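Proteins get letters first, then strands, A, B, ... in listed order; numbering begins at 1 in each. The model shown is predicted, which means the values in this text are computed figures rather than measured ones.
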There are 2 protein chains.
Amino acid sequence: MPDNSKSQQKTAEKDLSAQIAQAIRDAILSGDLVADDRLPSEAELSDTYGVSRPTVREALKRLAAQSLIRTKRGASGGAFVHRLSYPEAYSQLATTATLLLSLNEVDFATACRARFALERGCAPLSAQNRSVDHLAAMRAEITRQSQPGLSDEAFCASDVAFHRALVDGASNPVLSWHLAGAVEGMQPLMNMITFRNRDRAEIVALHIRITDALEARDAALIDQFLNALCTVTLRQAEASEALHAQKNSGAPI
Amino acid sequence: MPDNSKSQQKTAEKDLSAQIAQAIRDAILSGDLVADDRLPSEAELSDTYGVSRPTVREALKRLAAQSLIRTKRGASGGAFVHRLSYPEAYSQLATTATLLLSLNEVDFATACRARFALERGCAPLSAQNRSVDHLAAMRAEITRQSQPGLSDEAFCASDVAFHRALVDGASNPVLSWHLAGAVEGMQPLMNMITFRNRDRAEIVALHIRITDALEARDAALIDQFLNALCTVTLRQAEASEALHAQKNSGAPI
DNA sequence: TCCCCATAAATGTCAGACAATTAAATCGTG
DNA sequence: CACGATTTAATTGTCTGACATTTATGGGGA
């Protein structure tokens with residue numbers, strides 16, 4: 001009764017390697033396979049699923065690309081269920097975020113509002129849990145940002161580091177992970193903005209106020225200044241955009 | 001001077017397929033390849049990089065697993081740079097989040113605080129942008145949650161839908177993406193909690209208040225109730241944990 | 001006892017072939 | 001000349017078999 005082979009059904013019309021990868025992925029996500037468990041060897045898997053070894057290997061590479069497994073060569077080697085580390089998770093999130101924003105026509109304002117909304121959510125926890133180290137890190141970045149003649153790139157990097165320290169103040173790695181991804185993913189969009197000296201001064205001034213508010217553990221004040229920072233950033237992006245549009249329409253021909 | 005082949009350097013000691021995947025990934029992320037661009041055929045790639053076709057295929061499967069490319073068979077087929085859709089990005093984020101939490105010994109409290117911190121960040125935007133549709137969706141979920149005899153699973157699902165509607169109210173797809181991933185990733189941890197009837201009533205009551213506050217566009221009130229909801233959830237998780245611990249220590253033997 | 005080396009197991013890589021699919025070119029016919 | 005059916009070519013999907021490389025393990029010799 002069950003039509004075994006041909007299957008004009010739409011159940012799983014994908015590649016064999018994709019099907020096998022999905023099967024193993026399900027086993028991992030459901031907990032059937034736990035961290036550091038060893039998967040069967042490629043030869044055994046190809047036997048189990050009735051496919052050739054290259055096909056199994058393609059499936060394993062798919063899983064490796066998602067950091068679900070890691071492989072080791074040699075005797076007692078093989079594929080093992082991988083315990084995802086925070087740096088790896090951070091990197092994956094950043095990649096996904098970058099793609100989502102850059103390939104998907106997300107405008108800067110939307111991404112920017114999202115980023116500041118998330119960051120404002122961190123403020124109360126950060127006010128509660130921040131240590132002097134976080135304050136020191138933020139003030140160090142403020143000093144760097146204040147240097148004249150800093151490249152836009154360096155200014156942006158320092159800005160990221162400042163906000164990262166602010167978020168890390170919440171002492172919640174999951175929160176840091178989300179925010180790091182959001183900020184990192186925005187970098188390509190952020191790099192299209194040109195910060196004039198006057199704009200930088202405005203930003204640095206707000207950074208100082210935010211740091212002071214964090215030192216005083218005043219969440220409401222942080223929230224307010226972050227909001228102001230969001231507004232300022234949006235305004236500058238708009239100005240920068242207008243500048244580019246002008247350059248692109250006026251200069252040529 | 002540049003030792004070309006053997007390379008005892010640590011520059012790129014990885015697999016060939018990983019190196020090739022990285023090269024193509026960089027080309028995509030840097031914008032050299034844009035959405036819907038066609039990559040060279042597998043034969044051309046294997047020629048370009050001086051490796052065999054199976055190796056190239058493994059590299060392409062890695063990229064396909066990250067939704068960076070999609071492939072099509074037949075003449076004029078090939079690998080194309082893929083425009084990541086929100087549902088795909090959402091699915092990837094959820095997978096990463098689930099792995100990060102479940103395989104990495106993240107305790108429920110940390111994940112829960114992160115989730116509510118992010119959600120509180122959405123509150124102001126949601127209060128500003130929510131439509132009547134969002135309110136209706138939330139009230140519909142409240143009705144469902146209030147039904148007696150609902151399974152824990154169904155209750156959780158409704159809870160997720162409620163919060164999703166709340167976040168969608170911000171009308172910011174990037175924000176929705178982040179929150180959806182955070183909430184979805186927490187599901188396995190959430191499912192370990194048993195909600196007693198009294199607890200459910202408490203949660204539903206807060207949901208009602210949150211919806212009312214959203215209708216009134218009162219961001220501060222939403223924030224306050226979300227905070228309360230976080231506290232309640234944490235308390236219930238603690239109680240549930242204690243219950244499990246008791247079961248695991250008392251029942252056996 | 002300790003060190004060196006052969007062995008085996010596993011992944012990494014290659015080469016070549018065939019199957020399946022799909023778009024486009026070709027050809028035949030009205 | 002136009003239009004539809006057929007052939008063709010290009011490309012991915014899969015298989016087979018082989019060899020290279022890495023690494024733990026065990027045995028033999030100093």
Of B:Leu16 and A:Gly77, the one whose closest DNA chain C nucleotide lies more 5': A:Gly77
Residue met sooner reading DNA chain D from 5', once A:Pro54 and B:Leu39 are mapped to nucleotides: B:Leu39
Short side-chain N/O contact from A:Thr71 to OP1 or OP2 of C:dA10, under 4.0 Å: no
Under 3.5 Å donor-acceptor pair, B:Arg73 side-chain atoms to C:dA20 base atoms: yes
Phosphate contact (C:dG12 OP1 or OP2) by B:Lys14 side-chain N/O below 4.0 Å: no
All side chain to side chain contact (heavy atoms under 4.5 Å, CB included) counterparts of A:Ala75, not counting sequence neighbours: none
Modelled atom types, side-chain donor and acceptor of B:Asp168 and B:Ser176, under 3.5 Å: yes
Closest to side chain of A:Asp15, choosing from D:dT14, C:dA10, D:dT12: D:dT14
Phosphate contact (D:dC15 OP1 or OP2) by A:Arg53 side-chain N/O below 4.0 Å: no
Whole angstrom value for the distance that separates P of D:dT12 from CG of B:Leu60: 8 Å
Donor-acceptor under 3.5 Å (B:Ser126 side chain, B:Cys122 main chain): no
Protein-nucleotide distance (A:Arg38, atom CZ; D:dA24, atom P), rounded to Å: 13 Å
B:Tyr90 six-ring face occupied by B:Arg164 cation (under 6.0 Å, within 45°): yes
Any A:Ser76 side-chain nitrogen or oxygen under 4.0 Å from OP1 or OP2 of C:dA9: no
